[in-house]
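In each ligand, atom 1 is the first atom listed, and ligand 1 is the first ligand listed.
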Amino acid sequence: MSTEVKGWVNARRIVGGIVFLEVIPSVSIKPVTVVIKKSENPEAWKIAKRIKVGSAVRVYGEYVLEGKSKRGIEFIPSCIEVLSTPRDALPYDPLGKTPVLFDTKIKYRYLMLRTPKERALFRIRATLLKYARRFLEEKGFLEVQTPKIVGAGAEGGATLFKLDYFGRQAFLAQSPQLYKQMLMSSLTGVYEITPYFRAEQHHTTRHLNESWGIDVEMGFIEGMEDVMKVLEELVIYVIKNVRNECSEELEQLGVDLTVPRTPVPRISYEEALNLLEKEGCQVKWGLDLSDRDEKKLGEIMLEKGYELYFITNYPWAIKPFYVMREGAELSRSFDLDYRGIEICSGGQREHRYDRLIENMKVKGLNPEDFNFYLDAFKYGMPPHGGFGLGVERLLMKMLRAENIREVILFVRDIHRLVP
Ligand code: 4AD
Ligand code: MG
């Protein structure tokens, strides 16, 4: 049956009277080999012989029945149309024989999506988000969108991007935290797939200035265990479905994606410190775990057979004002770590108006600056909690990428504002 292939020429080979064009079509990760014989189609052969690598083409013809070809998917054209010829040589080797510098890859990400590897990666990213959405929809959460230009931050002043809003001070949203909580005054469960804007001061392999999160907030909870249960199920569901649906893509990337062992263990902050101490890592009680400590804990947990684990009940002093206290020193909070790196933070929130104001004062914040948020707590705010799951953090660990920049199309870090 006659059909068409639209795509780009990644390679051209001429062998005697035959031209082979390797075309990467639409969104598939498998290239198509277009075979043009001079003896059969002199017209098309003449065009094919002169086609430059990098050209955009539309080819009409027929696929060779599977099994007949040794070169993968073959296509015999009746007619070739060259839609656009490149002005310059491609800035990377389209056959992937010469390794691409990391900087080049990030700069030309949009072009490199012509290669099977980059396509595989971003198809997996899309699949991850598709299943996250599917899971949350099935659980009855309502998808919402909250503003990204905001008047107050929730996750600490150091990483706020400031901007001028008609003469008033505004910020880019670090997280939908305050807004998703405000919605708990009227809805019982919401989620948002959203960018986070953070002026990260350090250049690391795990921080971006614009990253994406899957944010969930749920009301009428008994405690943070309700929240952890949803998060655990979500992550396992996503990994299982990516594993099933993206087997070709994972193979292309050489990744063996294992489903983490469940139930996901819950270790307290206190226990985490003890485990680390036994391995010779001293962490002073009251401090956050350093990158090194997190990594070490990842090794300890992996030895016990766990890739995914919760660290619960951090000291309240190192958590944001909205987190509910647990006793005098601790908090109803958790992190979810995946092979030695935090991929999510969450917990139960303080829903009691007076205590929330008290918490703000203790953290040195002026409640006046948060009146728009505090108003929502005056009219029957139920107990609630939620989490923010880092899309790039989850994806980089699933794919065993060394650098978070690998898994986002257009990177925003200290050095990159374009493309
Ligand atoms: O731990 P964070 O700061 O927590 C919050 O934003 C809370 N509002 C979440 C909640 O609902 N309680 O950010 C959540 C997650 C982190 O665990 C991390 O995976 C990711 O977002 N993240 C970043 N990823 C890449 N680059 C950055 N600069 C990130 N900042 C946070
Ligand atoms: Mg965190």
Can a salt bridge be assigned to the pair E233 and K139 using a cut-off of 4.0 Å between side-chain N and carboxylate O? yes
Give the atom numbers and elements of ligand 1 that come within less than 4.0 Å of a heavy atom of F387. 10 (C), 11 (O)
Identify the closest protein heavy atom to atom 18 (C) of ligand 1: which residue and atom is it, and at what distance? R393 NH1, 3.7 Å
Numbering as shown, the atoms of ligand 1 that approach Y322 to under 4.0 Å (heavy-atom distance): 7 (C), 8 (N), 12 (N)
Check this for me, if you would: do R125 and E392 make a salt bridge, where the nitrogen-to-carboxylate-oxygen distance has to be below 4.0 angstrom? yes
Does any pair with a residue in residues 381-419 pass ring pair (Phe, Tyr, Trp, His ring centres under 6.0 Å), and if so which ones, sequence neighbours excluded? H203-H415
Considering non-hydrogen atoms of the protein only, which is the closest contact for atom 17 (O) of ligand 1, and what is the distance? E342 OE2, 2.5 Å
min-distance protein heavy atom vs atom 23 (C) of ligand 1 -> S211 OG, 3.8 Å
Only heavy atoms of R206, strictly under 4.0 Å: list the atoms of ligand 1 that pass. 25 (C), 26 (N)
Under 4.0 Å to a heavy atom of E200 - the qualifying atoms of ligand 1, by number: 27 (C), 28 (N)
Report yes if C344 has an N/O atom closer than 3.5 Å to an N/O atom of ligand 1; otherwise report no. yes
For ligand 1, which atoms have a heavy atom of I343 less than 4.0 angstrom away? 17 (O), 19 (O)
Does the structure place the NZ or CZ of K319 under 6.0 Å from the centre of the six-membered ring of Y314, at an angle of no more than 45° from the ring's axis? yes
Taking the side chain as every heavy atom from C-beta outward, state whether K6 and S26 have any atom pair closer than 4.5 Å. no
Can you list the steps and then say if I73 with T33 is a side chain to side chain contact (heavy atoms under 4.5 Å, CB included)? CA-CA 6 Å; I73 312 165; T33 306; over 6 Å; no
Could you check if a side-chain atom of K397 sits within less than 4.5 angstrom of a side-chain atom of I341, using non-hydrogen atoms only? yes
Around atom 15 (C) of ligand 1, find the nearest protein heavy atom and jot down its residue, atom name and distance. G388 O, 3.4 Å
Atoms listed for the Mg ion (ligand 2) (protein only, N, O or S, under 2.8 Å, no waters) are E342 OE2, S345 OG
Classify the ring geometry of F370 against Y373: parallel below 30°, tilted from 30° to 60°, perpendicular beyond 60°. perpendicular
Shortest protein heavy-atom distance from atom 30 (N) of ligand 1, along with the residue and atom involved: R198 NH1, 3.4 Å
What protein heavy atom sits nearest atom 21 (O) of ligand 1, and how far off is it? Y196 CE1, 3.2 Å
What are the atoms of ligand 1, with element, lying closer than 4.0 Å to any heavy atom of G346? 12 (N)
Side chain to side chain contact (heavy atoms under 4.5 Å, CB included) for V9 and E22? Distances and angles first, verdict last. CA-CA 6 Å; V9 176; E22 193 179 291; over 6 Å; no
Heteroatom proximity flag, L208 to ligand 1, N/O under 3.5 Å: yes
In this structure, does ligand 1 have an atom that sits under 4.0 Å from one of the heavy atoms of E155? yes
Does Y309 reach the main-chain N or O of G340 with its side chain, forming a donor-acceptor pair under 3.5 Å? yes
State whether the number of non-hydrogen atoms from other residues, nucleotides or ligands found under 6.0 Å of Y110 atom OH is greater than 12. yes
Tell me whether the guanidinium CZ or amine NZ of R349 lies under 6.0 angstrom from the six-membered ring centre of Y322 and within 45° of its axis. no
Closest contact, heavy atoms only, L111 versus P91: CD1-CD, 3.6 Å
With L136, which of L142, V190, I214 fulfils side chain to side chain contact (heavy atoms under 4.5 Å, CB included)? I214
To the nearest 0.1 Å, how far is atom 10 (C) of ligand 1 from its closest protein heavy atom, and which atom is that? Q177 OE1, 3.2 Å
Angle class for the Y269/W285 ring planes (parallel below 30°, perpendicular above 60°, tilted otherwise)? perpendicular
Among all protein heavy atoms, pick out the one at the shortest distance from atom 12 (N) of ligand 1; state its residue, atom name and that distance to 0.1 Å. R349 NH1, 2.9 Å
Element-labelled atoms of ligand 1 that are located less than 4.0 Å from some non-hydrogen atom of I404: 25 (C)
If you measure every N/O of S175 against every N/O of ligand 1, is any gap under 3.5 Å? yes
